[in-house]
Amino acid sequence: MEAKLKRELGTSMLKSTGYSGGGCISEGQSYDTDSGRIFVKINHKSEAKLMFDGEMASLEAILKTSTIKVPKPVKVIELDMGCVFVMEHLDMKCLSKHSQHLGEELADMHLYNKKQLEKLNQAQQTIGKGAELVDSNAVLKFGFDVPTCCGYLPQVNDWQDDWVTFFTRQRLEHQLNLIEKSYGDRESRELWAKLQLQIPQFFKDVEITPALVHGDLWSGNVAECAEGPVIFDPASFYGHSEYELGIAGMFGGFGKSFYSAYHEKIPKAPGFAQRHQLYQLFHYLNHWNHFGGSYRGSSIRIMKNLLK
């Protein structure tokens, strides 16, 4: 692997730093090269390229917003078995003093596309010069250009005009179809038949503008470096900004200062609490599909709560 890395990166030096990291999906290793230190994620599964291509596109999209720090992606390189993803190495430690900044910068990332759309609308209303000069990256729909993986499972990111359709069909229903295939769980199937009819009412009178989300923002995917907060391992797409807070609230690690700073810029809309449960449901279902029946109880409980 190291010989291939040297060739693909065009470096004569590739020296392990002894630093390694990773989670339950991929391994990680840092190297010093001719052009600086890099971090290499390694995955030997057959679907590794799809997963890493999605992560690279996610990091590139977040970088373009210039709102919150992420590792700069370098290259996805195929191996005989699996794939590696090369990115900038960052000296990171657990989030502590930059929790408030994380809330502020995450809100800025979520608001970035809204501001791009506002600029575009202003330009289109301009009579004469100006409109044609706007370099707009505004996104009008919900989805993403490539599949991204939350964990190792690919997400369906086909573009949709309507968020409720996107989330119901391409997030919840997709997960429940996987559960049906693996477990044939009758109770979840019966609850879903009722719940999918109720979902539109959770979004009554809520205006949703497509927002770029990290997509898997639990405490294990945030940190800080000397300059401020860092987020990594994204599973991005354009969705509802509230979606981001679903998994953030499941496993802890985000303090009051984070939420206060975030909601100072993006206040809670009416019905937030119910939608928060709905967004957590996706992640419990996703964990059920990844790690088995220990997450079944939480998934069923939320579905029953939402039907009350």
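A quick note: this is a predicted structure, and the numbers were derived from the prediction, not measured. We count residues from 1, following the sequence as given.
- The 12-atom threshold is exceeded at CD of Glu180, counting heavy atoms of other residues, nucleotides or ligands nearer than 6.0 Å.
- Remark: side-chain polar atoms of Asn113 are not paired, donor with acceptor, to backbone N or O of Ala138 under 3.5 angstrom.
- Between the side chain of Thr33 and the backbone N or O of Gly36, at least one donor-acceptor pair lies under 3.5 Å.
- Looking at Asn43, its side chain never comes within 3.5 Å of a backbone N or O of Cys83 through a donor-acceptor pair.
- Both cation-pi conditions hold for Arg171 and Phe237: the charged atom is under 6.0 angstrom from the six-membered ring centre and inside a 45 degree cone around its axis.
- Tyr243 and His283 have tilted rings, their planes meeting at an angle from 30° to 60° on a 0 to 90° scale.
- With Asp34 contributing its side chain and Ser12 its backbone, the two residues share a donor-acceptor pair below 3.5 Å.
- For the ring-ring contact (aromatic ring centres under 6.0 Å, His included) test with His287, the passing option among Phe282, Phe251, Trp218 is Phe251; the others fail.
- Two residues are said to be in side-chain contact when any heavy atoms from C-beta on lie closer than 4.5 Å; Phe85 and Leu59 meet this criterion.
- No donor-acceptor pair closer than 3.5 Å links the side chain of Asp216 to the backbone N or O of Asp233.
- Relative orientation of the His101 and His98 rings is tilted, given thresholds of 30° and 60° on the angle between their planes.
- No more than 12 heavy atoms of other residues, nucleotides or ligands shown are found within 6.0 angstrom of NZ on Lys194.
- Classification of the Trp163-Phe142 ring pair by plane angle, with boundaries at 30° and 60°, yields tilted.
- The backbone N or O of Ser96 lies less than 3.5 Å from no partner atom in the side chain of Ser99, so there is not a single donor-acceptor pair.
- Across every non-hydrogen atom of Met56 and Val74, the tightest pair is CE-O, 3.6 Å.
- Close placement of the Tyr262 and His110 rings is indicated, their centers lying within 6.0 Å of each other.
- Pairing each heavy atom of Val139 with each of Leu117, the nearest pair is O-CD1, 3.8 Å.
- Because its NZ or CZ atom is both nearer than 6.0 Å to the ring centre of Tyr152 and within 45° of the ring axis, Lys45 counts as a cation-pi partner of that residue.
- The pair Lys6-Glu2 does not count as a salt bridge, with every side-chain nitrogen at least 4.0 angstrom from each carboxylate oxygen.
- Annotation: side chain of Asp53 is not in contact with side chain of Val146 (no heavy-atom distance under 4.5 Å).
- Between Tyr295 and Phe291, the ring planes are tilted. Angles from 30° to 60° get that label.
- Between Val206 and Pro270, the closest heavy-atom pair is CG2-O, 3.9 Å.
- Of the possible polar contacts, none joining the Ser219 side chain to the Gly253 backbone as a donor-acceptor pair under 3.5 Å is found.
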task = Would you sort out whether Asn221 and His214 count as a side chain to side chain contact (heavy atoms under 4.5 Å, CB included), showing the intermediate values?
result = CA-CA 10 Å; Asn221 287 343; His214 173 284; 4.0 Å; yes
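- Checked for salt-bridge contact, Lys75 and Glu8 meet the test: a charged N lies under 4.0 Å from a carboxylate O.
- A salt bridge does not link Arg37 with Glu88: none of the charged nitrogens is closer than 4.0 Å to a carboxylate oxygen.
- Heavy-atom contacts from other residues, nucleotides or ligands closer than 6.0 Å to NZ of Lys265 number more than 12.
- The pair Lys41-Glu55 meets the salt-bridge criterion, with a side-chain N (NZ, NE, NH1 or NH2) lying under 4.0 Å from an Asp/Glu carboxylate O.
- Counted by atom type alone, Asp32 and Thr17 present zero donor-acceptor pairs between their side chains at under 3.5 Å.
- Residue Phe52 comes nearest to Ser26 through the heavy atom pair CZ-OG, 3.8 Å, listed as atom of the first residue, atom of the second, then distance.
- His290 has its side chain within reach of Leu153: a pair of non-hydrogen atoms, C-beta onward, lies under 4.5 Å apart.
- Contact annotation: the side chain of His276 approaches that of Gln280 to within less than 4.5 Å [non-hydrogen atoms, C-beta and beyond].
- The backbone N or O of Thr168 sits nowhere less than 3.5 Å from a side-chain atom of Glu173 that would complete a donor-acceptor pair.
- Contact detail for Met51 and Cys149: the closest heavy-atom pair is CA-SG, 3.7 Å.
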